[in-house]
Student: 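This structure is in structure tokens; I'll ask about it shortly.
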Amino acid sequence: MKSSDIRKHFLDYFESKGHQIVPGAPIVVKDDPTLLFINAGMNQFKDVFLGNSPVQYARIADTQKCLRVSGKHNDLEEVGHDTYHHTLFEMLGNWSFGDYFKKEAISWAWELLTDVYNIDKNNLYVTVFGGDESEGLNPDEEAKDFWKQHIDESRILYGSKKDNFWEMGETGPCGPCSEIHVDLRSDEEKKLIPGKELVNKDHPQVIEIWNLVFIQFNRMANKQLVSLPHKHIDTGMGFERLTMVLQGVRSNYDTDIFTPLIAKLENLSGKKYGSDEKQSIAMRVISDHIRAVAFTIADGQLPSNTGAGYVIRRILRRAVRYGFTFLGFEEAFMYHLVAVLVAQMKDVFPEIEKQQQLVEMVIKEEEQAFLRTLSQGVKRFEQYLESNSNTSVIDGEFAFELFDTFGFPIDLTQLMAREKGLTVDMDGFQRGLAAQKERSRKAAEQVTDDWVEVNAQEGVTRFLGYNSLQCEAQIVKFRKVEQKKKIFYEIVLDQTPFYAESGGQVGDIGVLVAGSQTLKVLSTKKENNLWVHVVDQAPKEIDAVYIAKVDEYKRRLTANNHSATHLMHAALRQVLGTHVEQKGSLVDADRLRFDFAHFAKMSVEEIKEVEKIVNLKIRENISGNIQLDVPIDKAKEMGAMALFGEKYGDKVRVVTFDPEYSVELCGGTHVDATGQIGCFKILSEGAIAAGVRRIEAVTADRAEEYINNQMDTLSEIKELFKGAAHPVQSVKNLIQEHAEFQKQLEQLQKEKALQNARELLKDSVKIGNVSFLAKKSAVDPGQVKNLIHQLRSIENNWVVVLAMEQGEKVNLAVGISDDLVQNNKFHAGNMIREITVHIKGGGGGQSNFAMAGGKDSSGILKALEAAQDMVKSWV
RNA sequence: GGGGGAUUAGCUCAGUUGGCUAGAGCGUUUGACUGGCAGUCAAGAGGUCAUCGGUUCGAUUCCGAUAUUCUCCA
């Protein structure tokens, strides 16, 4: 059975059982501080479980791309070494929200596996929760009873709390779970050890394929478990593992999910998968990682040096490293795999095809950047070896520096050391790494107290901010947060006019007032579906009705910038083409920043054209039309631009400025009519990554300020040129004249210096056959160097000592002609160190020229005499 | 968010106990050789050593701040 059919059968099966099939969520999580990436199928339904979002469908099924790079389930560094762990994988899942429970979940899972997929019942085992005394929980006999209707009791095993009690986090919905395992070993092996003894023992051929979670409790902050009124089902089945089972192969990498990628790698590297263990590991690593990287970029997350982008960069670099070390790839190669992935996946995940060109460019650029990093590291490594040629152990501190500062992977350091017959002090390296981690942890330390529940409220915060900027509100809950010794309070209200940071628009600021207390709202953010107001002090009148008031001026400026962003987005598509896709956006009261896919620098003309169109649309004073609860299909019909990597519900908010011009899905706040924006001006346009450009622009007051400043500068320049009609030409002339004068001046100075140099030796005396000159000079200390080097170019056989007096301070300069320096007795540096004693100073230099300074001008003569004595002794 | 590094010619980079007349390769300009191209040779142009402050007789070099950027950790 082809993998695409396996996926299809799953979704078809649950559709036939009344499930709504929904698209998976984008991999990158945007509004949950505890999670960077989707790591389980249930993530996108977390709010439903928590009761923060209403239930839209009681039964849902989907396939969800998940990314696991750290934590108990997976460690990035292990992926590829075995045959069944992945960074990115698909999780097939079915859910019930307060609808069916254990009975149906169990019997459908069984029917699908044994009747639809035809897995041999004799290879299956199931586990149920065996109870836990410390929690006061009994074994899950209910689940066991349902299983007994399908499978022999001997194949039902009890599991521990660790394996069979599932929790989302420290608090929240949780419950016992029941896993289905399959034994893929040969009959001989099964005879030796029964499969039931290998369940949950990390055996590569006795594996869990499906986990059915029965959510029936809520874990409170005090660790107690409370029964839920509505019970839910949450299941997850690893698609790659299932495919391995159904295709009868021993490794996920032997399924048709991975074989096309590996075939391409064989083709590119000229090496055969399976012929060498290390090369095979490398191919597994690369074919796994390219999926994670490509899909995440397609979802709008570019590699970067922080947060989610950094994780993507690390995954990509790990793949490049394996390709470089074991497959001989010395140039970018991963981007060639994108086309293979597109061919495989475009029907299920169309975003990868639509973004193919961008994904390839970004990956190629990242690969090349990393290869540069590697060659820098190699260079540093070689330098280290040169200056430490007699060592047999590479210093751990140095290895860590190479890794930490220059991004050079430690395993490459070890490899290169081995090639030279050296070892690396790994303990030292680990010490450095541990210290680094400790520092980071301390810096990121944030002490968050428990929420203080004031007025319990069901569901989400009511957001009134689209229509009003002020309202009455009551505190639902609040908590204290301490970060870097600063104390904040976070407050959740029952309703609020404050816009919470989202879609690139910053959160509102303003005040909460009750009685005599005014709380300053420093920012507003969304955590899942709760509006969190960050305020500067603890609320005193927690039961009072607060007046929540948004800073109106800032809000209006922000709306200007947000609406202008939409106008500009549309203008960019007109001027540059419809390949322009939003890749990021930041809108606050001061400016707007917009990142978009485009492959070349914008010309001055293009920038002007975009500005012109936007300003035209502003002057048309187009009324903004905002529609709520538009079905997503209808919105797309209207031509609304949706973003890759954004999660949209079935009903969306559509912001329109002229249905023929700009229609976008957007939750932000906007102007009533475009005239309010007043003026639009682009400040800069530049690249931020391969294929991605960034524009920064201002509107209204800020645009006016900017233009005025530019005008002021211009008029100042004009004034300096006495009101010249063509100031640019005047400046050009001035620059040219300046250059000519400078050349003339240099020429004159050279001639003068030569002349001075010739003059200089006239006062010299002969010591032996050497011309010796020692005198006070009025030459500028900065010039004396030139003077002496001029002399060098025209005469031989001299020693010059000049003293320059400036008040009490005095400078000495010693010059010796190159021919005398060949005779190694003559050394200007040595001389100056001796003679500066007399002027109470210090100095130094090379053999042919040296300078010094001192504080006692009365010693000049002594110093000059000492110099003469030295020359006498040398001759 | 925290640590570390980097910033020198158009580009890629050298430049260690603070004083070498700031260099190399590539690119560029000019000239010579050639019918032309390519090439070879020769000569030249091109630098506020990121910015601002400090230490010092003297800072590209040492220290601090800022900006930009790379990198590791969270």
Side-chain angles (χ1 to χ4, degrees), chain A residues 33-34 36 69-71 303-311 313-314 317 366 369-370 372-377 379-380 383 386-387 397-410 429-430 432-446 483-486 684 686-689 739 742-743 746 749-750 753 757 780-793 803-816 818 821 827-833 836 839-857 859-860 863:
Chain A
T34 64
L36 228 42
V69 288
S70 61
S304 73
N305 58 359
T306 54
Y310 178 56
V311 175
R313 172 168 285 170
R314 251 176 32 193
R317 289 185 168 195
E366 271 294 309
F370 184 53
R372 275 197 294 274
T373 301
L374 287 185
S375 69
Q376 292 278 355
K379 213 191 240 171
R380 280 200 91 80
Q383 278 172 356
E386 259 175 51
S387 48
E397 220 167 283
F398 171 74
F400 179 69
E401 186 199 17
L402 213 50
F403 167 79
D404 178 52
T405 305
F406 300 97
F408 198 74
I410 183 64
F429 175 82
Q430 293 298 349
L433 192 62
Q436 154 93 303
K437 286 187 176 177
E438 183 54 34
R439 269 196 305 272
S440 291
R441 241 194 305 277
K442 238 180 195 159
E445 212 163 63
Q446 162 176 326
Q483 193 170 21
K484 293 173 84 183
K485 306 213 166 155
K486 281 185 194 155
S684 66
I688 56 160
Q742 192 132 38
K743 264 186 197 160
E746 264 174 39
Q749 275 175 337
K750 245 185 210 167
D780 174 45
Q783 293 291 322
V784 73
K785 199 193 288 180
N786 279 332
L787 181 66
I788 285 177
H789 288 298
Q790 289 295 342
L791 182 60
R792 186 185 312 287
S793 64
M804 290 140 290
E805 204 177 343
Q806 285 177 318
E808 280 297 298
K809 286 187 179 176
V810 56
N811 283 92
L812 286 177
V814 175
I816 300 177
D818 289 338
V821 172
H827 196 287
N830 293 346
M831 175 183 277
I832 208 146
R833 269 190 288 277
T836 40
I839 57 164
K840 294 184 181 155
Q846 293 74 52
S847 56
N848 64 355
F849 179 79
M851 284 200 73
K855 291 170 194 152
D856 183 7
S857 56
I860 290 178

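In the text below, chain A, chain B and the rest are named by the order of the sequence lines, each starting its count at 1.
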Student: How many angstroms lie between atom CG of A:Leu812 and atom CD1 of A:Ile860, to the nearest 0.5 angstrom?
Tutor: 7.0 Å
Student: Taking atom C1' in both B:rA65 and B:rG25, compute the distance separating them and give it to the nearest angstrom.
Tutor: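 Their C1' atoms lie roughly 36 Å apart.
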Student: What interatomic distance, in whole Å, is found between P of B:rC20 and the corresponding atom of B:rU29?
Tutor: 34 Å
Student: Taking atom P of B:rG5 as reference, at what distance in whole Å does atom CZ of A:Phe403 sit?
Tutor: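 One finds 16 Å between P of B:rG5 and CZ of A:Phe403, rounded.
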Student: Between atom CZ in A:Arg317 and atom C1' in B:rC73, what is the gap in whole Å?
Tutor: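 After rounding, the gap between these two atoms is 14 Å.
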Student: A:Ala828: which residues meet the side-chain contact (heavy atoms from CB on, under 4.5 Å) condition with it, sequence neighbours left out?
Tutor: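 Here the qualifying residues are A:Val814, A:Ile816, A:Ala850.
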Student: Once you round it to whole Å, what is the distance between P of B:rU21 and CE of A:Met851?
Tutor: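 Distance, rounded to whole Å: 12 Å.
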Student: Starting at NE2 of A:His827 and ending at C1' of B:rG19, how long is that distance when rounded to a whole Å?
Tutor: 12 Å
Student: Taking only side-chain nitrogens and oxygens of A:Arg439, does any of them come within less than 4.0 Å of OP1 or OP2 of B:rG4?
Tutor: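 For A:Arg439, the contact criterion (side-chain N or O under 4.0 Å from OP1 or OP2 of B:rG4) is not met.
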Student: Between B:rA74, B:rG5, B:rC72, which nucleotide gets closest to the side-chain atoms of A:Thr405?
Tutor: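 So the nucleotide nearest the side chain must be B:rG5.
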Student: Sequence neighbours excluded, which residues qualify as ring pair (Phe, Tyr, Trp, His ring centres under 6.0 Å) partners of A:Phe849?
Tutor: A:His789
Student: Let's test your reading of the pairing rules: Watson-Crick or G-U wobble, both distances under 3.5 Å, then write RNA chain B as a dot-bracket string with ( ), [ ], | and dots.
Tutor: (((((((..((((.....[...)))).((((((.....)))))).....(((((..]....)))))))))))).
Student: Looking at every heavy atom in both A:Pro303 and A:Arg313, which two are closest together, and how far apart are they?
Tutor: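 Shortest heavy-atom contact: O-NH2, 4.1 Å.
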Student: How far does the P atom of B:rC26 sit from the matching atom of B:rA22, given to the nearest Å?
Tutor: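 It works out to 23 Å between them.
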Student: With sequence neighbours excluded, tell me which residues meet ring pair (Phe, Tyr, Trp, His ring centres under 6.0 Å) with A:Phe406.
Tutor: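 Expected list: none.
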Student: Using a distance-only criterion (donor-acceptor N/O pair, under 3.5 Å, no hydrogens), is the base of B:rG58 paired with the side chain of A:Asn811?
Tutor: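 Result: no qualifying N/O pair found.
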Student: Donor-acceptor check, side chain of A:Ser375 to backbone of A:Arg372, threshold 3.5 angstrom: yes or no?
Tutor: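 Checked: pair present.
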Student: What integer distance in Å separates A:Asp404:CG from B:rC70:P?
Tutor: 16 Å
Student: Measuring only the C1' atom in each nucleotide, how far is B:rC52 from B:rU7? A whole number of Å is fine.
Tutor: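 Roughly 15 Å separates the two C1' atoms.
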Student: Where is the tightest heavy-atom contact between A:Thr836 and A:Ala852, given as atom of each residue plus distance?
Tutor: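 A:Thr836 and A:Ala852 have their closest heavy atoms at CG2-CB, 3.1 Å.
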Student: Round to the nearest Å and state the distance from A:Phe400 atom CZ to B:rG5 atom P.
Tutor: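 Taking CZ of A:Phe400 and P of B:rG5, I get 12 Å after rounding.
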Student: Let me know the distance between CD1 of A:Ile832 and C1' of B:rG58, rounded to the nearest Å.
Tutor: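 Rounded to whole Å, this separation is 11 Å.
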Student: Using atom C1' in both nucleotides, what's the gap between B:rG54 and B:rU16 to the nearest angstrom?
Tutor: 23 Å
Student: When we call it a touch if two heavy atoms are under 4.0 Å apart, what does A:Ala850 touch: a base, just sugar-phosphate, or nothing?
Tutor: nothing
Student: Check A:Ile788 against A:Gly815 and note the closest heavy-atom contact, atom names and distance.
Tutor: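 The pair with the smallest heavy-atom distance is CG2-CA, 3.8 Å.
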Student: Roughly how far apart, to the nearest Å, are B:rU61 and B:rG15 at atom C1'?
Tutor: 9 Å
Student: Which residues pass the ring pair (Phe, Tyr, Trp, His ring centres under 6.0 Å) test with A:Phe403, sequence neighbours left out?
Tutor: A:Phe429
Student: State whether A:Arg314 places a side-chain N or O below 4.0 Å from either non-bridging phosphate oxygen (OP1 or OP2) of B:rC73.
Tutor: yes
Student: Between B:rG58 and B:rG19, how many Å separate the two P atoms, rounded to a whole number?
Tutor: 15 Å
Student: Looking only at atom P, what distance separates B:rC11 and B:rA50, rounded to whole Å?
Tutor: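 The answer is 14 Å between these two P atoms.
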Student: Heavy-atom nearest nucleotide on RNA chain B for A:Lys437 versus A:Glu401: which residue maps closer to 5'?
Tutor: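 It is A:Glu401, whose closest nucleotide lies nearer the 5' terminus.
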Student: Taking all non-hydrogen atoms of both residues into account, name the closest pair between A:Ile839 and A:Gly853 and its distance.
Tutor: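 Smallest interatomic distance, heavy atoms only, reads CD1-C, 4.1 Å.
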Student: If you compare every side-chain N and O of A:Tyr310 against the phosphate oxygens of B:rC72 (OP1, OP2), does one of them come in below 4.0 Å?
Tutor: yes
Student: Would you indicate which nucleotide in B:rC73, B:rU71, B:rG3 comes nearest to any side-chain atom of A:Thr373?
Tutor: B:rU71
Student: What is the distance, to the nearest angstrom, from the CZ atom on A:Phe849 to the C1' atom on B:rC57?
Tutor: 13 Å
Student: Taking atom CD of A:Glu438 as the centre, report whether more than 12 heavy atoms of other residues, nucleotides or ligands fall under 6.0 Å from it.
Tutor: yes
Student: Is there a donor on the side chain of A:Gln436 or the base of B:rG2 sitting less than 3.5 Å from an acceptor on the other?
Tutor: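 Answer is yes: a donor-acceptor pair is held.
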Student: What's touching nucleotides 6-17 of chain B from the protein side, N or O pairs under 3.5 Å?
Tutor:
unit_1	atom_1	unit_2	atom_2	d
B:rC13	OP1	A:Gln376	NE2	2.6

